[in-house]
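Below is one structure, written out as structure tokens; the observations come after it.
Residue numbers run from 1 in the order of the sequence given. Please read all numbers here as calculations on a predicted model, not as lab measurements.
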Amino acid sequence: MREARTPWVPPATATAPRRRSEPGARTTDRQQPAGPVPHPAALAALQRTAGNAAVTRWVQRQEDTGAREEARRHAIDPTGHGEWGTFRDDMARAGFDDDVTDAAWQLILGGLAEQGQLNDEAMAAHVKRQDQRDHRASNTWYQDLVKLIGAYLKVKTPTLALWSGGRQMSDYALAKGHTPLESTAFGGVVDKLTLTEDWSLKTPMWNVLSKAFVNHAGGAVHIFLRGYDPDSVLIAQEIPQLRVVMALNPAVRLVWHPVYTAADGRPMEITKRLELTTDAHYATRDECVQVLYDYLRLKHDPANDHSRRAHAEMDARLAANGNAP
């Protein structure tokens, strides 16, 4: 079992502790400068794994008063984040090296601290939703995170999976033998964490990771739809990125699955005859969405709480487009 480590990032206290206790090591009572003190070995590890720019941003972060306070505090002192131990241990079980674990944690927390300002800028500078999303995803901490752990987003199964319509779809895709982002080596670690209660700070991280994830597609990509939103990350970001991949690799193809959750809570797929079955797939998005909407319009049971939201969202979308549900 790996030794429990003190996070390598310099804490926001006057004295920077050693990363591990050394035999015969002694503490000193000499007065240290106020504020966080960079630990040379810590910054060296960050430089090795994430580059000079990440080190520069860490130094700049010490004086950045514009970041959201809690996120900024954790970015300066990861020891203060309650999930550091969970992240460290799960990364060890997943086979990550210590330096990668340490750098990834700093990049995640640095990204959270940076994201608030980017979100404000996105709303002020852009009107279109996709332009706002792109600006939020320009977070350089998250971009460096992808460079660091991108290889650990590879799928464990022959086929990659994407989904829309609730977290249950990820578990459903995995049970059918496909690998969603949340089941990759790194995605599985981060998926267990809360990180922050503010979803606006961490959603862009997942968006950046998902875009990198689809670059690993090498064959069929199975897409599970329990709801359809043209402005979702799946439709607005992941699928366009997959089109780029498909242009470079003709072996990559999209397989669409319309999913309805039955009254007993089981996800089921929808045939062209509007029957529920264990597998029904289509070659195009339009076919898939048509079957999904037809079933929700004609077959949905109002007493089925599991699919009430999908039905309500469909109704709202049809009404917004001037169509009767």
May I ask you to list the residues sharing a hydrophobic cluster with [X], side-chain cutoff 4.5 Å, ordered by chain and number?
{"X": "F224", "answer": "W163, M169, Y172, V259"}
{"X": "V244", "answer": "none"}
{"X": "L118", "answer": "none"}

Least distance between heavy atoms, [X] atom then [Y] atom:
{"X": "L195", "Y": "E83", "result": "N-OE1, 2.6 Å"}
{"X": "I235", "Y": "D229", "result": "CG1-O, 3.6 Å"}
{"X": "L107", "Y": "W141", "result": "O-CB, 3.5 Å"}
{"X": "G80", "Y": "H74", "result": "O-NE2, 3.5 Å"}
{"X": "P78", "Y": "W105", "result": "CB-NE1, 3.3 Å"}
{"X": "P204", "Y": "S200", "result": "CD-O, 3.3 Å"}

Quick one: list whatever passes side chain to side chain donor-acceptor pair (under 3.5 Å) with D279, sequence neighbours left out.
H281

Starting from the C-alpha separation in whole Å, work towards a yes-or-no answer on side-chain contact (heavy atoms from CB on, under 4.5 Å) for Q115 and Y142.
CA-CA 10 Å; Q115 194 61 51; Y142 294 156; 3.3 Å; yes

To the nearest 0.5 Å, tell me how far [X] [atom1] sits from [Y] [atom2].
{"X": "R308", "Y": "D305", "atom1": "CZ", "atom2": "CG", "answer": "4.0 Å"}
{"X": "S170", "Y": "L181", "atom1": "OG", "atom2": "CG", "answer": "8.0 Å"}
{"X": "R88", "Y": "F96", "atom1": "CZ", "atom2": "CZ", "answer": "15.5 Å"}
{"X": "I149", "Y": "T101", "atom1": "CD1", "atom2": "OG1", "answer": "11.5 Å"}
{"X": "T184", "Y": "L153", "atom1": "OG1", "atom2": "CG", "answer": "5.0 Å"}
{"X": "F87", "Y": "I108", "atom1": "CZ", "atom2": "CD1", "answer": "4.0 Å"}

Just list the side-chain donor-acceptor pairs under 3.5 Å for residues 207-220, sequence neighbours left out, or say none.
| from | atom 1 | to | atom 2 | distance (Å) |
| --- | --- | --- | --- | --- |
| S210 | OG | W206 | O | 3.4 |
| S210 | OG | N207 | O | 2.9 |
| S210 | OG | Q237 | NE2 | 3.3 |
| S210 | OG | E238 | OE2 | 3.3 |
| N215 | OD1 | Q241 | NE2 | 2.8 |
| H216 | NE2 | G150 | O | 2.8 |

Can you tell me which residue pairs pass the side-chain hydrogen bond (donor to acceptor under 3.5 Å, both in side chains) test with a partner in residues 250-263, sequence neighbours excluded?
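side-chain hydrogen bond (donor to acceptor under 3.5 Å, both in side chains) check on residues 250-263 returns H222-H257, R226-T261, H257-E269, Y260-H300, Y260-N304.
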
Taking [Y] as the starting point, is it possible to reach [X] by hopping between hydrophobic residues whose side chains are less than 4.5 Å apart?
{"X": "V221", "Y": "M246", "answer": "yes"}
{"X": "V289", "Y": "L276", "answer": "yes"}
{"X": "L248", "Y": "L242", "answer": "no"}
{"X": "L225", "Y": "L174", "answer": "no"}
{"X": "L145", "Y": "W199", "answer": "no"}

Can you find a heavy atom in the side chain of I239 that is under 4.5 Å from one in the side chain of R285?
no

Stepwise side-chain hydrogen bond (donor to acceptor under 3.5 Å, both in side chains) check, D294 with Q290:
CA-CA 6 Å; D294 284 349; Q290 182 66 58; 2.9 Å; yes

Ignoring hydrogens and geometry, is there a side-chain-to-backbone donor-acceptor pair from [X] to [Y] under 3.5 Å?
{"X": "Y228", "Y": "Y293", "result": "no"}
{"X": "N249", "Y": "A251", "result": "yes"}
{"X": "T179", "Y": "S183", "result": "no"}

Check salt bridge (charged side-chain N to carboxylate O under 4.0 Å, His left out) between D131 and all other residues, then give those that pass, not counting sequence neighbours.
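Per chain and number, D131 pairs via salt bridge (charged side-chain N to carboxylate O under 4.0 Å, His left out) with no residue.
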
Going by the rule salt bridge (charged side-chain N to carboxylate O under 4.0 Å, His left out), which residues pair with R243 if we only count those two or more places apart in sequence or in a different chain?
none

Between [X] and [Y], do the side chains contain an N or O donor and an N or O acceptor separated by less than 3.5 Å?
{"X": "T157", "Y": "H178", "answer": "no"}
{"X": "T284", "Y": "E287", "answer": "yes"}
{"X": "Q130", "Y": "D134", "answer": "yes"}

I need the full list of salt bridge (Lys or Arg N to Asp or Glu O under 4.0 Å) pairs touching [range], with sequence neighbours left out, sorted by first then second residue.
{"range": "residues 255-266", "result": "D264-R266"}
{"range": "residues 147-170", "result": "D144-K147, R167-D171, R167-D191"}
{"range": "residues 194-208", "result": "none"}

From CA spacing to verdict: side-chain contact (heavy atoms from CB on, under 4.5 Å), T86, K192:
CA-CA 9 Å; T86 299; K192 298 176 184 177; 5.6 Å; no

R133 and V233: CA distance, side-chain angles, deciding distance, side-chain contact (heavy atoms from CB on, under 4.5 Å) verdict
CA-CA 9 Å; R133 180 182 287 133; V233 171; 4.2 Å; yes

R309 with E313: basic N within carboxylate O range, under 4.0 Å:
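Here R309 pairs with E313 in a salt bridge, since their nearest N and O are under 4.0 Å apart.
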
Please tabulate, for side-chain N and O atoms in residues 121-128, each donor-acceptor pair with protein atoms closer than 3.5 Å (sequence neighbours left out).
| from | atom 1 | to | atom 2 | distance (Å) |
| --- | --- | --- | --- | --- |
| E121 | OE1 | H135 | NE2 | 2.9 |
| E121 | OE2 | Q117 | NE2 | 3.1 |

Just do the side-chain contact (heavy atoms from CB on, under 4.5 Å) check on Y152 and V189 with the steps written out, would you?
CA-CA 11 Å; Y152 297 95; V189 171; over 6 Å; no

